[in-house]
Amino acid sequence: MVTLRFAPSPTGKLHIGNVRTALINYLFASAQGGRFILRIDDTDQARSTQAYEAAIKEDLTWLGLNWAESFNQSDRFDRYQAAADRLRDMGLLYACYETSEELDRKRKIALSRGRPPVYDRAGLDLSVEARAALEGEGRRPHWRFKLSGGRVDWVDLVRGAQSIDTHSLSDPVLIRDDGSFLYTLPSVVDDIDYQISHIVRGEDHVTNSGAQIEIIQALGGTPPEMAHTSLLIGADGAALSKRLGSLSMDVLREQGIEPMAICSLLAKLGTSENIEPRASLGELAAEFGFDKFGRAPARFDEAELKRLNAAFIREKSFADMQMDLAAIDQRAVQDPAFWETVKANCETVQDIRPWIEIVYGVIAPVIAEEDRAYIEDAIALLPELEFGDGAWRAWTAALKEKTGRKGKALFMPLRKALTGLGYGPDMSALLPLMGRERAKTRLDG
RNA sequence: GGUCCCUUCGUCUAUCGGUUAGGACGCCUGGUUUUCAACCAGGAAAGAGGGGUUCGACUCCCCUAGGGACUGCCA
């Protein structure tokens, strides 16, 4: 039985990068018939909030990434404490007394001397007396895990054979000087307790994985399978982090992006599969495979998401969209033909707004000076009877007859006068929707 | 400074020593719609640079350049 986990910390909103990791975990678990667990990494009490936690859960639910079980690390401090005690008993957890400033200074000095900024393990050599003296100064220790100094190897599902030299790593701090836990130990303890079979996360965690494997082994656990996916970068090739705010789920949702558009893109981006609309997570799961992932950073382009969303929208019937349409404007649901007519011109549902005004509201017509006379003819020939399906055809045929205009010259002035725009849905469908009176008013200018 | 990863059309990628270097999205052109979009068809478009190895290199090796990650009492 495979068990995967997604472990966000509730210190911010879910963005496109997080969601990709969540989705990949979900998809693999689903494809294997396994479990997908949501773990809230809220060990950082100062920065974690209930609001973010709720928002994360809301976003995941919106995306359809349902979890079999969820828990908070803040409820499991006793477990982490027990693990810390065991490590301490084994001599693998040692007290250090440097302040952050002192550590910072040490790093800078090492760097300036051309040496790697690795912790010098000064804490390891402290005698009982020395420790007592330091504590007498009012210092409280933080605690580091003693790395083996050897190599940690694993076969990564995405990156292949990995070998991390722990000698080049600083011993990770597991417990802060205020006694609180950093994420490392809780993560390891939870992965063991919940029998996580696969850890799937971004490649920014590869060195963490090296240290974590050693801690897992020290605690008597078996390291899970590991998969580190390459990170997403922006369309401009720069790090995505700068634009994370605009790519948060709540913003995308407000823009009218479909959850499956997001999932379809994120499941395939950076893989050898074509990025195409998929209607369900089940389809994406069936197509999922770590062997399809490349190792180079993939570019996330918001424009691509919009295009994919447009493709989704064209597939949506009025029934599919009724709720969303009503939420935007009641007028959008009074005639199913409205959606069917307008959807091909929308990238997101929100794009119906201008068409609502065009069909049901008031807009400023656009009539070029040289087309005045033509529009006068058009008014004269406007079909008297109430508009049906053939109104546009009959009207333009008559106009063609009268003016000799054809093609673009025949249609574009009418489109611009009636909609204020040079593009849009089929006029033969749009005209009956807006009705004779509205058309007349706009032609009058 | 160090460690690790990466580099094929604009973008995501296929190729696992011998191919007219393939596909998808985008783009361009044409068709259709007597208009735009949508839709359909066709087209242009790529091996970062330099050295090797080899009968033969996109593919293997080295160097250079460029990009990414890590190097936190963040996760």
Side-chain angles (χ1 to χ4, degrees), chain A residues 7-12 18 41-44 46-48 96 98-100 103-104 107 110-119 140-144 156 158-160 162-165 167-170 172-184 186-187 201-210 228 230-233 235 237-240 265 268-276 292-301 303-304 307-308 310-311 314 342-346 393 396-397 400 405-416 419 421-428:
Chain A
S9 67
T11 55
N18 289 337
D41 280 13
D42 54 356
T43 56
D44 187 346
R47 292 194 305 142
S48 298
C96 300
E98 298 88 349
T99 62
S100 298
L103 289 170
D104 202 39
R107 271 190 294 271
L111 235 27
S112 70
R113 289 183 184 162
R115 281 207 287 267
V118 174
Y119 179 60
R140 289 288 166 269
H142 57 277
W143 299 79
R144 289 185 189 259
D156 196 279
V158 172
R159 294 161 59 94
Q162 298 293 297
S163 182
I164 300 286
D165 181 9
H167 184 70
S168 66
L169 267 37
S170 292
V173 175
L174 264 31
I175 304 175
R176 296 187 180 88
D177 63 5
D178 65 0
S180 65
F181 294 95
L182 279 101
Y183 102 109
T184 308
S187 179
R201 66 228 296 208
E203 70 173 11
D204 50 336
H205 282 283
V206 286
T207 48
N208 286 338
S209 290
H228 293 87
S230 65
L231 269 16
L232 259 23
I233 56 177
L240 204 57
L265 177 59
K268 300 298 175 68
L269 186 61
T271 76
S272 55
E273 298 236 298
N274 292 335
I275 296 164
E276 291 166 346
K292 294 172 181 169
F293 280 78
R295 296 211 265 170
R299 291 177 192 232
F300 173 82
D301 188 350
E304 193 158 20
R307 283 196 296 268
L308 198 58
R314 284 194 292 275
V342 136
K343 66 180 182 183
N345 284 78
C346 295
R393 179 166 279 275
T396 53
K400 184 182 182 186
R405 289 193 182 216
K406 59 181 179 178
K408 199 167 182 172
L410 178 68
F411 292 98
M412 204 44 92
L414 296 176
R415 175 182 284 284
K416 285 183 174 166
T419 70
L421 298 170
Y423 59 89
D426 189 353
M427 284 305 297
S428 64

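Reckoned from all heavy atoms, side chains included, excluding hydrogens, waters and symmetry mates. Lettering follows sequence order; numbering is per chain, from 1.
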Quiz item: A:N208 side-chain donor-acceptor pair to B:A75 base, under 3.5 Å: yes
Check against side-chain contact (heavy atoms from CB on, under 4.5 Å), A:Y119 and A:V173: CA-CA 10 Å; A:Y119 179 60; A:V173 175; over 6 Å; no
Sugar-phosphate only, base, or nothing, as touched by A:R113 at under 4.0 Å among non-hydrogen atoms: nothing
Sugar-phosphate only, base, or nothing, as touched by A:K343 at under 4.0 Å among non-hydrogen atoms: nothing
Sugar-phosphate, base or nothing in reach of A:V173, heavy atoms under 4.0 Å: sugar-phosphate
Presence of A:R295 side-chain N/O under 4.0 Å of B:C6 phosphate oxygens OP1/OP2: yes
Working for side-chain contact (heavy atoms from CB on, under 4.5 Å), residues A:M427 and A:T419: CA-CA 9 Å; A:M427 284 305 297; A:T419 70; 4.1 Å; yes
A:K416, NZ: over 12 other non-hydrogen atoms inside 6.0 angstrom: no
Any donor-acceptor N/O pair under 3.5 Å between B:U35 base and A:R415 side chain: yes
CA sep, side-chain torsions, deciding dist, call: A:S180, A:R176, side-chain hydrogen bond (donor to acceptor under 3.5 Å, both in side chains): CA-CA 5 Å; A:S180 65; A:R176 296 187 180 88; 3.0 Å; yes
Opposite nucleotide pairing with B:U15, Watson-Crick or G-U, both atom distances under 3.5 Å: none
Shortest non-hydrogen separation from A:P117 to A:S170 and the atoms involved: O-OG, 3.7 Å
Stacking of A:Y423 on B:C36 base (centres under 5.5 Å, planes under 30°): no
Counter-base of B:A48, judged by Watson-Crick or G-U geometry with both distances under 3.5 Å: B:U64
B:U13 and B:C6, which share atom name C1', separated by this distance in whole Å: 14 Å
Identified pairing partner of B:A21, criterion: Watson-Crick or G-U wobble below 3.5 Å: none
Nearest-angstrom distance, P atom, B:G17 to B:C60: 8 Å
Sugar-phosphate, base or nothing in reach of A:D177, heavy atoms under 4.0 Å: base
Atom pair distance, as rounded to whole Å: CG in A:D426 and P in B:A37: 13 Å
Sugar-phosphate only, base, or nothing, as touched by A:L410 at under 4.0 Å among non-hydrogen atoms: base
For the student: nearest non-hydrogen atoms of A:V118 and A:S168, plus distance: CG2-O, 3.2 Å
5' priority, RNA chain B, between A:L111 and A:N274 [closest heavy atom]: A:L111
Whole-angstrom distance between B:G2 and B:G18, as gauged at atom P: 37 Å
Considering all heavy atoms, the nearest A:R201-A:S209 contact: NH1-OG, 2.8 Å
Euclidean distance for C1', B:C61 against B:G67 (whole angstrom): 22 Å
Sugar-phosphate only, base, or nothing, as touched by A:L103 at under 4.0 Å among non-hydrogen atoms: base
Interatomic distance at P, B:G10 relative to B:G47, whole Å: 9 Å
Distance test, side-chain N/O of A:R107 to OP1/OP2 of B:G72, below 4.0 Å: yes
C1'-based separation of B:C9 from B:C28 [nearest Å]: 14 Å
Distance below 4.0 Å between A:R144 side-chain N/O and B:C73 OP1 or OP2: yes
Side-chain N or O of A:R393 closer than 4.0 Å to phosphate OP1/OP2 of B:U34: yes
Spatial distance of atom CD (A:E304) from atom CZ (A:R299) [nearest 0.5 Å]: 12.0 Å
Distance, P atom - from B:U33 to B:C27, rounded to whole angstrom: 23 Å
Sugar-phosphate only, base, or nothing, as touched by A:T99 at under 4.0 Å among non-hydrogen atoms: base
Side chain of A:R159 (C-beta onward), nearest among B:C4, B:U34, B:U35: B:C4
Touch class at under 4.0 angstrom, heavy-atom based, for A:R307 against every strand present: sugar-phosphate
Sugar-phosphate only, base, or nothing, as touched by A:A409 at under 4.0 Å among non-hydrogen atoms: nothing
A:I233, nearest nucleotide to its side chain (from B:U34, B:A75, B:G68): B:G68
Closest to side chain of A:H142, choosing from B:C73, B:C36, B:G1: B:C73
Below 4.0 Å: OP1/OP2 of B:A75 and any side-chain N or O of A:T43: yes
Presence of A:R176 side-chain N/O under 4.0 Å of B:C74 phosphate oxygens OP1/OP2: yes
Nearest-angstrom distance, P atom, B:U71 to B:U11: 29 Å
Any strand: nucleotide that pairs with B:A69 via Watson-Crick or wobble, under 3.5 Å: B:U3
Base paired to B:A41 (Watson-Crick or G-U; both N/O distances under 3.5 angstrom): B:U29
Sugar-phosphate, base or nothing in reach of A:H228, heavy atoms under 4.0 Å: nothing
